[in-house]
Participant: 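If you scroll down you'll find the structure; I have some questions about it.
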2 protein chains.
Amino acid sequence: MGESATLRTAPSAPRKRDAEATRLAILGAAKIHFARLGYECAALRDIATEAGADVSLIKRYFGGKEALFAAALNDSFSGNAARDWNRETFSRDIATMMADDTHVDEDRTLRFKFLLRAATSPTTAPLLNLAMQERFLAPIRDWLGGECAPVRARVLAAVYIGFLVERLIRDRPLIGEEREVFIASAAAALDAVLQPAP
Amino acid sequence: MGESATLRTAPSAPRKRDAEATRLAILGAAKIHFARLGYECAALRDIATEAGADVSLIKRYFGGKEALFAAALNDSFSGNAARDWNRETFSRDIATMMADDTHVDEDRTLRFKFLLRAATSPTTAPLLNLAMQERFLAPIRDWLGGECAPVRARVLAAVYIGFLVERLIRDRPLIGEEREVFIASAAAALDAVLQPAP
DNA sequence: TCGCTATGTCAACCGCGGTTGACATAGCTC
DNA sequence: GAGCTATGTCAACCGCGGTTGACATAGCGA
């Protein structure tokens with residue numbers, strides 16, 4: 001992660017007074033810390049330090065820890081949005097993506113760790129749910145369309161998340177026939193959800 | 001919640017002095033609290049209170065918070081749930097379980113929440129990602145059997161985990177037709193994975 | 001130049017919660 | 001009953017960390 005390239009100037013030449021830059025530095029540091037440590041273990045003082053700012057600025061610019069988390073969560077989702085998938089190849093595309101190695105996209109992985117940690121903390125689970133609804137579920141729902149789109153979007157999102165978790169904890173790359181079977185099975189699962197309810 | 005049926009006698013008739021009973025009460029309360037709240041959010045005072053004991057006894061009987069967690073983890077594993085699912089109704093059973101929140105305190109689910117929460121806490125993560133594979137992936141693989149069982153177990157586990165996470169962050173119960181559609185979709189996804197690869 | 005305000009700094013506050021040791025007492029042995 | 005030990009109770013300690021408000025100052029407009 002090439003984070004804080006803009007912050008490294010801190011010791012010798014203190015950053016010029018720039019609220020927006022500081023805000024962004026804090027936000028960036030927050031995303032990393034929350035992703036690495038989870039909501040409870042991430043300390044505002046550490047985040048502020050890494051951002052080259054003071055703790056109290058977090059209150060001023062965001063309001064508090066929970067609000068900062070919400071902002072970071074929101075920001076994490078922003079890159080993900082409303083990609084238009086080809087309906088015909090959707091399942092296989094996703095399945096292939098999940099089968100192949102993850103280290104290409106470190107940023108995406110970090111973002112997901114963020115989500116997973118958020119999901120397993122009682123404090124942040126509601127926040128995540130909210131963000132999920134707006135940023136993730138809603139697009140899927142619209143994309144799905146049809147009768148029971150909201151619920152089916154839930155199921156689709158669940159399956160998708162499951163694959164992400166699996167890929168996150170996978171110890172070795174899938175190769176050869178193994179990979180083929182994985183893709184086939186995963187695509188089948190996705191396809192099954194895509195079919196309109198009977 | 002119907003837990004601590006054995007502890008409810010506390011106010012009127014204090015439990016007879018019995019080290020082993022107290023130890024077990026603490027252990028039981030710990031398993032529940034750690035599963036519900038995760039390592040960092042679970043408070044020793046709460047655990048002790050629910051067990052009808054004093055905080056300091058935790059130190060005496062276990063040594064500290066981390067040691068208590070380890071003990072709880074160990075104990076969670078000791079009662080193995082090598083539950084044999086009916087192959088015919090497997091998908092629908094799982095799907096229904098995921099749709100309803102009433103099963104939340106069921107042993108198996110509680111144990112898994114325990115794992116999931118533990119795996120996402122930096123304090124306890126290292127041991128547990130491994131444990132998850134041993135305790136979760138291996139049984140599924142054996143249960144599936146057949147040619148490409150290992151990979152298909154991965155996919156099945158992934159889908160399962162996805163549903164679990166979804167339920168973990170779900171804000172309101174699914175009711176009526178919503179619930180039906182959820183079960184149908186989820187079961188379809190699971191069924192798709194259960195089919196041998198083409 | 002003179003303020004005024006936005007930005008940044010500092011130190012204290014305060015509760016939470018894990019840890020600790022001193023003390024009380026039940027239940028057993030003699 | 002006397003005394004001993006295992007068990008349970010109580011209160012305090014202490015650091016961590018989120019929060020807060022008072023203060024300093026850069027940068028800008030008048």
Side-chain angles (χ1 to χ4, degrees), chain A residues 4 6-7 9-30 33-34 36-72 117 121-124 127, chain B residues 4 6-7 9-30 32-34 36-72 117 121-124:
Chain A
S4 66
T6 61
L7 322 172
T9 56
S12 52
R15 181 173 52 231
K16 281 190 72 167
R17 296 200 162 192
D18 182 344
E20 192 51 24
T22 313
R23 225 194 81 100
L24 286 180
I26 291 175
L27 197 59
H33 277 246
F34 282 138
R36 292 220 180 108
L37 302 173
Y39 179 77
E40 8 274 343
C41 289
L44 291 192
R45 280 181 173 84
D46 294 342
I47 292 176
T49 300
E50 178 161 328
D54 187 90
V55 206
S56 62
L57 291 183
I58 292 182
K59 179 200 164 78
R60 183 172 298 163
Y61 289 141
F62 295 93
K65 191 180 192 182
E66 249 187 79
L68 174 61
F69 183 87
R117 297 222 185 281
S121 156
T123 320
T124 55
L127 291 176
Chain B
S4 67
T6 61
L7 322 171
T9 55
S12 52
R15 181 174 49 230
K16 281 190 74 167
R17 297 199 163 195
D18 182 342
E20 192 50 24
T22 315
R23 226 193 80 101
L24 286 180
I26 292 174
L27 198 59
I32 295 172
H33 278 245
F34 281 137
R36 289 216 183 113
L37 303 173
Y39 179 77
E40 10 273 343
C41 289
L44 291 191
R45 279 180 174 84
D46 294 342
I47 293 176
T49 299
E50 178 162 328
D54 187 89
V55 206
S56 62
L57 292 183
I58 292 183
K59 178 198 162 84
R60 184 173 296 164
Y61 290 140
F62 295 93
K65 192 180 189 180
E66 253 187 77
L68 174 62
F69 183 87
R117 294 223 187 278
S121 156
T123 324
T124 51

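Order of the sequence lines sets the chain letters (A, B, ...), proteins ahead of strands, with each chain counted from 1.
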Participant: Once rounded to the nearest 0.5 Å, what's the spacing between atom CZ of A:F69 and atom CG of A:L127?
Facilitator: 6.5 Å
Participant: Nearest 0.5 Å please: distance from the CG atom of B:L57 over to the CZ atom of B:R23.
Facilitator: 12.0 Å
Participant: How long is the gap from CG on B:L37 to OG1 on A:T123, to the nearest 0.5 Å?
Facilitator: 9.0 Å
Participant: NE2 of A:H33 versus P of D:dG18: gap in Å, rounded?
Facilitator: 12 Å
Participant: Could you pick out which residue, B:D46 or A:R60, lies toward the 5' side of DNA chain C when each is mapped onto its nearest nucleotide?
Facilitator: A:R60
Participant: Under the side-chain contact (heavy atoms from CB on, under 4.5 Å) test, which residues partner B:K65, sequence neighbours left out?
Facilitator: B:F34, B:Y39, B:L44
Participant: Return the value, rounded to whole Å, for the distance between atom CG of B:L57 and atom C1' of C:dA22.
Facilitator: 15 Å
Participant: For DNA chain C, what string of dots and brackets results from 5' to 3' when Watson-Crick and G-U pairs need both distances under 3.5 Å, crossing pairs get [ ], and pairs with another strand get |?
Facilitator: ||||||||||||||||||||||||||||||
Participant: One pair to check against side-chain contact (heavy atoms from CB on, under 4.5 Å): B:L27 and B:Y61. What are the steps and the verdict?
Facilitator: CA-CA 10 Å; B:L27 198 59; B:Y61 290 140; over 6 Å; no
Participant: Could you pull out the closest heavy-atom pair between A:T22 and A:A53, with the gap in Å?
Facilitator: CG2-CB, 3.9 Å
Participant: Rounded to the nearest angstrom, tell me the gap between atom CG in A:D18 and atom C1' in C:dA6.
Facilitator: 11 Å
Participant: List every contact pair, protein side and nucleotides 12-15 of chain D side both N or O, where the distance is under 3.5 Å.
Facilitator:
from   : atom 1 : to    : atom 2 : distance (Å)
D:dA12 : N6     : B:R45 : NH2    : 3.2

Participant: With sequence neighbours excluded, give me every side-chain hydrogen bond (donor to acceptor under 3.5 Å, both in side chains) pair touching residues 40-49 of chain A.
Facilitator: A:E40-A:S121
Participant: Might you point out which heavy atoms bring A:F62 and A:A67 nearest each other, and give the distance in Å?
Facilitator: O-CB, 3.2 Å
Participant: I need the residues from residues 63-71 of chain A with at least one non-hydrogen atom less than 4.0 Å from DNA chain C; give them sorted by number, or say none.
Facilitator: none
Participant: Would you please name every residue forming a side-chain hydrogen bond (donor to acceptor under 3.5 Å, both in side chains) with A:S56, sequence neighbours left out?
Facilitator: A:D54
Participant: Between B:Y61 and A:K59, just flag the one whose closest nucleotide in DNA chain D comes earlier from the 5' side.
Facilitator: B:Y61
Participant: By the 4.0 Å heavy-atom rule, please label A:A42 as base, sugar-phosphate, or nothing.
Facilitator: sugar-phosphate
Participant: Can you tell me the distance, in whole Å, between the CG atom of A:D54 and the P atom of C:dA6?
Facilitator: 19 Å
Participant: Is any side-chain nitrogen or oxygen of A:S56 closer than 4.0 Å to OP1 or OP2 of C:dG8?
Facilitator: no
Participant: Taking the nucleotide of DNA chain D with the closest heavy atom to each, which residue, B:A19 or A:A43, is nearer the 5' end?
Facilitator: B:A19
Participant: How would you summarise protein contacts on nucleotides 24-30 of chain D per nucleotide, using B for base, S for sugar-phosphate only and - for none, with heavy-atom distances below 4.0 Å?
Facilitator: -BBS---
Participant: Report the distance from atom CG of B:L68 to atom NZ of B:K59, rounding to the nearest 0.5 Å.
Facilitator: 13.5 Å
Participant: Separation of B:L44 atom CG from D:dC10 atom C1', in whole Å?
Facilitator: 17 Å
Participant: Starting at CD of A:E40 and ending at P of C:dG17, how long is that distance when rounded to a whole Å?
Facilitator: 11 Å
Participant: Nearest whole Å is fine: how far is D:dT20 P from A:I58 CD1?
Facilitator: 13 Å
